[in-house]
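These notes concern the structure reproduced below.
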Amino acid sequence: MTDLALIIVSAVFVNNVIFSRFLGLCPYFGVSKKLDTAIGMSMAVIFVLTLAGTITYIIQTYLLVPLNIGYLQTIAFILIIASLVQFVEIVMKKVAPTLYRGLGIFLPLITTNCAILGISILSVQFKYDLIETIIFSFGSALGFGLALIIFSSVREALDTREIPKAFVGAPIAMIVAGILAMAFMGFSGMVK
Amino acid sequence: MFEIVIPGLILAGFALISASGLFVASKKFYVYEDPRIDEVEELLPGANCGGCGFAGCRAYAENAVNNKTVDPPCPVADAEAMQAVARLLDLEVEVKEKQVATLLCKGTHENSRSVMEYYGIDDCWAAMLVANSLKACAFSCLGLGSCVRACSFDAMLLKDGIVVIDEEKCTGCGMCLQACPKNLLFMRPVSGQVIVTCSNTDRGADARKACKIACIGCMKCEKSCHQNAIHVNDFLASIDYEKCTNCGDCVAACPTNAIEMRGQEVYVTA
Amino acid sequence: MLQLRTFKRGGIYPPHEKLSADAKIIFGEIPGNLLIPVNQHIGRPLKITVKKGDAVKRGDLLAESTGFISSNVHSPVDGKVLKIFRFPLLGGLIREVIQIQPTEPGKSFKEVLESDPYFDIDIGSLTPEAIRKRIEEAGIVGMGGAGFPTHVKLSPPPEKKIDALIINGAECEPYITADHRVMVERSSEIIKGIKILQRLFENVPVYIGIEENKPDALKILDELVSKDGDILIVPLKAKYPQGGEKQLIKAVLNREVPSKGLPMDVGVVVQNVATVLAVYDAFYYNRPLTERVVTVSGNVVNQPGNILLPVGTPVSYVVKKFEIDVQKVRLLIAGGPMMGRTSHSFESPVTKTTSALLFFDNRVFAERRENPCLRCGSCLRVCPMGLDVALYTQMIKADKIAPEAKDHIQDCIECGSCAFVCPADRRLVQWMRLGKTIIRREN
Amino acid sequence: MNVKEKLLKSFFVENPVTGLLLGLCPTLATTTSAENGLGMGLATTFVLVSSNVVISLLRNVIPNRVRIPSFIVVIATFVTIVDMGMQATLYDLHKTLGLFIPLIVVNCIILGRAEAFASKNNLWDSFLDGLFMGLGFTFSLFILGSVREILGTGNWLGMALVPGDWSTILVFVLAPGAFLSLGFILVGMNKIARVIEGGK
Amino acid sequence: MEANGVLIMDSSPLGRTGESTRKIMFTVCLTLVPALAVSVWMFGWDAVRVLVLTAVFTVGVEALIAKFSNTKIDYLDGSALLTGILLAMNVPSNAPWWMLLIGAVVAVVIGKQVFGGLGQNIFNPALVARVFLLISFPMQMTSWPLPGAFDGTTGATPLGILKTEGIGAIKTIGVGDLAMGHIGGSLGEISALALLIGSLYLFYKKYITWEIPVAFIGTVFVFTGAFYLINPAQYASPVFHIFTGGLFLGALYMATDMVTSPLSFKGKLLFGFGCGFFTALIRLFGSYPEGVSFAILFMNAFVPLLDRYFPDKKFGMVKNG
Amino acid sequence: MDKQESGIRIIGVLVLIAFFAAALLAYVNKITRDPIARNMKEETKRAVRIVLNTLGEIHYPDDPALKKLNDFEARYFPAVGKDSALVGYAIIVKAPNGFGGDFDLMVGIDSTGKVLDTYVLNHKETPGLGDNMKKEDFKKQFRNRTLENTKWMVKKDGGDIDALTAATITSRAFTSGVKRALLTFKALHKGKQK
């Protein structure tokens with residue numbers, strides 16, 4: 001139990017996907033202009049990443065490893081993730097239209113979110129078992145969501161500040177992310 | 001050989017499953033979106049200025065494709081681009097002349113004296129809450145630059161208490177028109193060189209008192225015009241650019257220099 | 001005396017500076033020239049009923065209302081319409097005015113008033129409809145500052161049950177003493193005016209809210225109503241903006257007018273004492289609202305006082321009457337320093353809503369530049385409406401007003417408490433007003 | 001537009017990183033030194049060029065509806081080739097770049113160019129496009145890597161630039177420094193881009 | 001009738017109180033004097049050197065920016081000075097000049113001016129600089145001259161000792177030492193008592209309110225106390241935690257920084273709670289001995305969210321009326 | 001555009017692409033498999049050469065042997081010189097309880113039990129503090145020390161080792177790592193002598 005809690009704390013704070021692992025940065029900077037979108041995106045990522053982490057784990061353990069074709073990992077994972085995302089989109093549209101309006105529009109963005117592929121590959125590298133993989137994927141997604149939501153609220157606030165012209169947009173976003181990363185460094189060493 | 005074919009078959013199986021699944025799904029749930037929307041959007045300038053009245057270029061493109069129309073034309077795009085859009089949609093497009101924003105006031109500090117010391121916020125709309133005019137003329141440009149800030153093309157700047165417009169940079173998007181609380185800006189075709197630089201509708205004497213170059217409604221210009229292109233209403237002259245031939249007779253006739261002739265060269269005071 | 005009541009949230013304690021509190025209301029003369037603004041109220045613009053060269057009598061209609069939320073304007077004097085033109089009013093707006101040349105300039109205005117016939121009417125015989133109609137005809141508007149037509153305020157829709165009538169005698173703005181003097185000098189007339197208003201609502205209790213810093217007014221009115229069971233004097237703490245309608249209701253009845261709501265939503269009608277006096281005049285003297293008491297004060301006025309002026313009197317008349325050194329004046333405020341508007345012309349006329357004319361040199365007004373907001377939160381602490389002024393003004397400045405902030409911005413009562421305490425000298429009220437303009441423009 | 005102009009443009013104006021903000025993950029993660037940045041950039045360039053070429057060749061064969069899955073498979077193939085190739089030849093570099101080699105697959109630049117350019121243009125143009133885009137990417141990674149390496153360790157491409165006993169600003173080789181330096185580089189690059197565009 | 005000059009037109013209200021940005025900033029600087037005096041007493045001229053250098057650097061950097069920027073920057077408004085003093089209180093008294101210069105540049109440029117200057121920044125500039133220095137120069141920033149030892153002996157802060165040596169090593173440090181400043185540490189973190197005395201005036205002037213400091217310190221007390229109760233042999237007492245490190249400096253002067261803290265009552269309480277929680281978390285489990293700076297910096301990022309979701313109740317926000 | 005495309009063709013193309021892609025990869029894998037495996041081993045072997053640098057030309061096995069002790073285990077490479085005599089060991093141990101957890105340390109020990117050099121294989125210590133243990137200034141104090149002639153503790157704890165400034169915990173871990181290696185050596189050596 002403690003191990004699982006540590007995995008979560010590690011994934012959310014200590015080794016945050018954004019600030020420590022540098023994964024999923026494109027959507028992080030792309031979808032963080034508005035808080036509402038950021039919340040939607042976070043939810044979508046939490047859902048898809050947990051699902052993708054689980055499925056890729058199963059594929060890896062029961063297909064790629066026994067057949068000794070580990071080198072197909074990248075290509076197989078990305079194929080699975082791409083089709084999974086599209087399936088989820090289609091299914092959600094049909095089964096839960098309300099949910100789709102909230103989250104669905106973010107799903108295409110997730111295909112190219114390298115956090116999904118990255119975390120899937122990492123949980124294989126870390127030799128996690130199934131439960132640990134699920135927790136790790138979920139925690140990483142949670143860390144992504146946390147970082148995204150804080151960041152987007154800060155960026156919304158920046159809209160009303162008098163940022164010097166040269167820094168408006170991406171540069172100031174980078175600097176904010178840098179300062180946030182410094183704050184996140186305070187959590188280092190919390191999980192050994 | 002075997003170790004090459006087997007992985008191939010496995011991945012092919014993967015692809016088979018996902019492709020057929022997606023194929024079935026996409027058949028069932030396919031939402032048609034006209035690919036021409038993208039193409040139109042690509043032809044547009046992408047300034048997202050909203051000058052056309054739609055929420056950005058994408059919305060304009062959607063409207064253009066769905067309703068098969070380029071009306072209103074994009075105010076920023078040049079004629080060539082609009083023709084390209086029209087060709088794409090198999091439409092005839094009427095080429096309109098470039099429009100530029102024009103300030104109908106020449107109430108510089110020198111011409112219309114300040115009657116107060118304004119301490120409030122540097123914004124025309126905010127100033128209007130404190131005083132309707134900062135100068136002797138009630139119709140004058142406030143000179144606080146709300147239009148300058150509204151311009152996305154860097155085409156305006158403040159000088160001597162009024163705004164001057166760089167007609168080369170002006171795209172005619174019209175955002176500044178809405179930003180002016182005094183409605184002093186209007187669009188004129190770029191070839192129209194004669195401008196009545198005044199908006200004062202007070203009687204002659206009052207207007208004269210307020211500003212050195214005010215239009216006093218004396219009708220001399222109306223009489224001088226051979227094209228019937230200039231008319232005085234409410235003690236203020238205005239020009240019909242459809243008829244005006246830039247002959248300059250009214251400019252010569254005006255006793256207060258309220259009518260201005262702009263040269264062939266673009267008026268840039270930057 | 002009763003315990004002092006007040007509103008709880010926010011508020012400030014600016015210096016009272018009631019320099020003219022003991023100065024009796026004086027009467028001037030008919031000035032040589034009157035500029036009567038056509039629109040002196042909030043609501044639909046009026047239609048001018050006279051033209052250049054027309055002769056008018058005192059009380060004649062100059063411009064008539066064009067709808068329900070609209071209010072007539074009458075001539076205060078006999079005279080001739082000289083010109084109708086646009087002119088800067090007190091507060092900087094440039095609007096249409098009717099210039100009247102009085103036939104008897106220099107005649108004492110007290111004489112003019114005394115020549116009005118007195119009607120001893122029987123209040124009991126008046127129907128509510130007749131009362132509302134008379135008030136509408138007389139062109140009475142809220143004289144506390146806003147200028148909202150009084151008959152509209154007195155005509156709540158039937159589903160709004162009115163169970164309290166509050167008379168606003170708080171007069172919380174610094175310097176202004178006009179209402180104070182009216183309460184002291186014309187207390188019995190005010191009570192009679194209240195009786196008329198009481199006829200509109202059945203058995204409604206009346207509360208007269210007066211700030212504690214007017215002990216003489218409290219005493220006089222308390223004595224007058226002591227035999228009346230249904231009129232109650234409520235002494236209030238001297239705190240700004242105690243005279244704000246919503247704050248007054250909160251203080252007197254502890255009811256909170258909902259956001260974007262009106263006093264009638266909590267069953268209350270609020271009237272200013274000066275307005276009540278105008279109602280009295282409208283019935284007992286058949287006078288339309290053509291004159292009002294104005295406080296003349298400020299640090300360049302040697303003898304601050306209160307004067308009854310006909311509507312349309314130019315400020316220059318007051319300057320002469322109070323012997324103000326025009327060379328010293330750098331700031332002319334119509335109304336109090338907290339909510340009043342500046343003016344730039346000494347020829348601008350007094351209107352129905354001008355409660356004070358304050359003259360200052362620039363000593364009290366050292367130049368102040370807007371500094372960046374520090375988010376110190378002072379404005380939030382003092383805002384009687386509990387608004388997040390610092391956040392809203394930042395949004396307004398960036399022209400990015402969050403949807404959830406829009407309602408709150410429109411709730412601002414523009415009392416000025418926030419800007420009064422702002423250490424960065426930000427024009428918070430002007431920003432909020434600009435925000436309202438932007439929101440209105442968007443709709 | 002001639003080749004030289006296009007090259008210049010892909011370096012400054014349409015640079016995938018500083019102009020379009022694409023491919024940020026490897027940009028920030030692998031630029032702890034100029035050498036790493038260079039390595040990552042070249043690996044990406046290889047994938048970009050190869051996939052552009054192949055997709056351009058296949059552009060008439062691939063049905064529209066499975067366009068993206070097909071592109072991804074093609075790209076993933078080349079990524080895996082790079083992955084294995086680097087492991088076999090440049091083992092140390094591969095170790096530092098680590099996870100980010102397989103992640104080239106989801107680098108938006110590659111899919112973006114495949115979609116926007118290679119699927120519509122002929123082989124030669126696609127090749128050039130991939131090459132220029134890749135070099136632009138490499139260029140910004142190299143700049144960012146250089147800045148971080150110099151400030152953070154006092155070295156550049158393995159050469160010591162400051163005396164050994166000087167303190168260097170360690171934060172630049174750590175995560176926060178990546179964001180901060182890119183923020184300031186963006187400002188600089190945008191200024192240069194404006195000069196180049198204005199010069200025309 | 002004409003006045004001497006034209007009249008002034010401005011928006012209401014036309015009066016104001018005597019408060020100004022400068023007054024607030026310089027008052028805050030002045031209230032730091034007791035703490036500064038203690039640090040000078042403890043560290044001697046070195047403390048003065050660090051103080052003066054940092055203040056000169058921050059104001060100087062801001063003045064340079066003011067000179068080359070086309071926006072108006074009042075570099076003498078005291079805000080840069082305050083940032084400088086707070087930064088000086090966060091570094092060891094033997095910090096080399098170049099470190100102070102880097103800190104000043106980071107504080108003014110990255111912490112403040114890239115956001116548009118005074119009042120526009122999201123993060124506390126002094127803390128941005130401190131964390132930047134702490135991460136960049138961990139060696140210089142974690143070995144502190146010992147108070148009263150003018151021979152250059154250095155050592156760790158009590159929290160640092162706790163982290164490396166364990167609970168046994170701090171047994172000898174009494175509460176009185178902690179409160180009075182007889183401990184190793186940065187200029188500002190040594191004397192909790194002096195800081196408290198200085199800040200009393202700020203409370204009186206309402207420049208700071210009680211919510212953040214109380215919630216902050218209270219949370220640290222409760223969390224560290226809980227662990228102390230569970231296992232006193234491994235965790236230090238809450239009293240120790242409260243009087244060590246930059247907790248008082250952070251809670252009274254950094255977290256309450258007007259620009260970077262929430263506006264509403266609930267927001268302030270939550271902000272203080274968050275700061276306290278993360279401080280305790282980092283101190284108890286993290287690898288850095290001190291977590292105050294990180295916690296405040298982290299919570300600064302939450303301020304827009306807190307402002308948005310926990311506003312004060314507005315007048316008239318009632319159901320019926 | 002391609003509305004006429006049949007489902008079979010769509011799926012078929014994708015399947016074909018996938019097939020060829022995987023086949024290509026399988027082929028590349030076949031070529032690169034061996035070099036990759038060699039590279040992976042090469043890394044540790046290079047470390048061995050570094051820690052046993054002073055011994056001159058040596059030979060050692062490709063894969064390390066495992067030695068289990070009571071409370072930890074170590075892997076080691078026995079090195080033989082030109083004349084096939086055992087000249088020393090490169091011992092890989094886990095240095096326990098560093099700042100960022102355990103880290104892998106390789107210690108070179110000559111046949112007399114003297115420490116030759118140390119090499120940190122992987123670690124998560126704080127940059128700028130703990131990772132200074134890789135620096136020569138710190139490493140040199142361990143050379144020529146033996147299990148017997150040194151108190152294997154940092155000075156703060158009453159030992160002989162100078163701790164890194166502001167990184168006592170790392171130094172402690174490092175020190176006990178080296179001690180573990182020496183204990184391993186002792187155990188190995190004892191076995192040899194018997």
Side-chain angles (χ1 to χ4, degrees), chain C residues 9 14 92 174 246 255-261 265-266 316 319 326-333 337-344 346-347 362 364-365 368 371-378 380-381 384-388 390-391 408 411 414 416 419-425 427 429-430 433, chain E residues 1-25 27 71-74 77 79 116-121 206-209 256-265 267-268 303-304 307-309 311-321:
Chain C
R9 184 198 292 275
K246 292 178 176 181
R255 294 184 197 171
E256 208 164 304
V257 179
S259 167
K260 291 171 102 175
D265 292 331
V266 289
S316 55
V319 169
V326 150
Q327 302 300 319
K328 281 189 190 160
V329 178
R330 290 282 284 127
L331 183 64
L332 162 59
I333 308 171
M338 297 301 295
M339 290 186 72
R341 303 282 161 86
T342 53
S343 303
H344 61 89
F346 286 111
E347 295 309 320
N362 50 3
V364 292
F365 199 73
R368 36 181 200 159
N371 288 316
C373 170
L374 294 173
R375 286 170 52 94
C376 67
S378 308
L380 278 77
R381 269 202 294 283
M385 300 302 289
L387 305 179
D388 302 336
L391 292 180
H408 299 317
D411 269 349
E414 301 175 20
F420 184 78
V421 298
C422 180
D425 288 339
R427 308 297 197 274
V429 175
Q430 199 181 3
R433 291 173 67 195
Chain E
M1 184 177 295
E2 274 298 317
N4 206 5
V6 287
L7 293 183
I8 292 166
M9 291 293 270
D10 197 352
S11 170
S12 63
L14 296 143
R16 58 178 179 143
T17 51
E19 293 294 347
S20 71
T21 305
R22 279 186 188 215
K23 207 169 149 189
I24 293 180
M25 292 297 169
T27 310
T71 49
K72 267 191 186 168
I73 298 170
D74 182 5
D77 63 5
S79 61
L118 181 63
Q120 313 298 314
N121 48 307
K206 286 190 183 159
Y207 290 164
I208 58 178
T209 49
T256 53
D257 172 23
M258 295 165 170
V259 180
T260 55
S261 62
L263 290 165
S264 67
F265 176 75
K268 283 177 176 167
V303 169
D307 274 346
R308 180 164 165 168
Y309 288 111
D312 284 330
K313 193 184 148 284
K314 310 275 179 287
F315 187 96
M317 287 290 131
V318 280
K319 287 240 168 64
N320 42 11

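By convention in this document, chain letters (A, B, ...) are assigned in the order of the sequence lines, proteins followed by strands, and residues within each chain are numbered from 1.
- Taking the side chain as every heavy atom from C-beta outward, E:Asp307 and C:Asp388 never approach each other to under 4.5 Å.
- Taking each heavy atom of E:Phe315 and C:Asp411 in turn, the nearest pair found is O-OD2, 4.5 Å.
- Heavy atoms closer than 4.5 Å to chain C are found in the side chain of E:Ile24, but not in its backbone.
- For chain C, the nearby parts of E:Lys206 are the backbone and the side chain; heavy atoms of each come within less than 4.5 Å.
- With chain E as the partner, the residue from C:Met339, C:Arg433, C:Arg341 showing the most heavy-atom pairs under 4.5 Å is C:Met339.
- The backbone N or O of E:Thr260 sits nowhere less than 3.5 Å from a side-chain atom of C:Arg375 that would complete a donor-acceptor pair.
- Neither the backbone nor the side chain of E:Asp257 comes within contact range of chain C, judged by heavy atoms closer than 4.5 Å.
- For E:Glu19, the side-chain hydrogen bond (donor to acceptor under 3.5 Å, both in side chains) test picks out E:Tyr207, with sequence neighbours left out.
- Contacts of E:Arg308 with chain C are made by side-chain atoms alone, with heavy-atom separations under 4.5 Å and no backbone atom involved.
- Separating the CG atom in E:Asp10 from the CG atom in C:Leu331 is a distance of 8.5 Å, to the nearest 0.5 Å.
- Using modelled atom types, one side-chain atom of C:Arg330 and one backbone atom of E:Val6 make a donor-acceptor pair closer than 3.5 Å.
- Each of C:Ser378, C:Pro423, C:Cys376 was scored for a side-chain contact (heavy atoms from CB on, under 4.5 Å) with E:Met258, with one residue passing: C:Cys376.
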Verdict with supporting geometry, E:Thr21 and C:Leu374, side chain to side chain contact (heavy atoms under 4.5 Å, CB included):
CA-CA 8 Å; E:Thr21 305; C:Leu374 294 173; 3.7 Å; yes
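- Looking at C:Lys260, there are no atoms closer than 4.5 Å to chain E (heavy atoms on both sides), in backbone or side chain.
- The shortest distance between side-chain heavy atoms of C:Thr342 and E:Ile8 does not fall below 4.5 Å.
- In this structure, the portion of C:Pro384 lying under 4.5 Å from any heavy atom of chain E is its backbone and not its side chain.
- Applying the side-chain hydrogen bond (donor to acceptor under 3.5 Å, both in side chains) criterion to E:Asp77, with sequence neighbours excluded, gives E:Ser79.
- Here the options are C:His408, C:Met385, C:Arg9, the test is side-chain contact (heavy atoms from CB on, under 4.5 Å), and the partner is E:Lys314; only C:His408 passes.
- E:Ser12 is not listed as a side-chain neighbour of C:Glu414, based on a closest heavy-atom distance of 4.5 Å or more.
- With a 4.5 angstrom heavy-atom cutoff, C:Leu387 touches chain E via backbone and side-chain atoms both.
- Minimum heavy-atom separation, C:Gly377 to E:Leu263: CA-CD2, 4.0 Å.
- Scanning both residues, E:Gln120 and C:Pro372, for their nearest heavy atoms gives NE2-CB, 4.1 Å.
- When every heavy atom of E:Pro13 is checked against every heavy atom of C:Phe420, the shortest pair comes out as CG-N, 3.8 Å.
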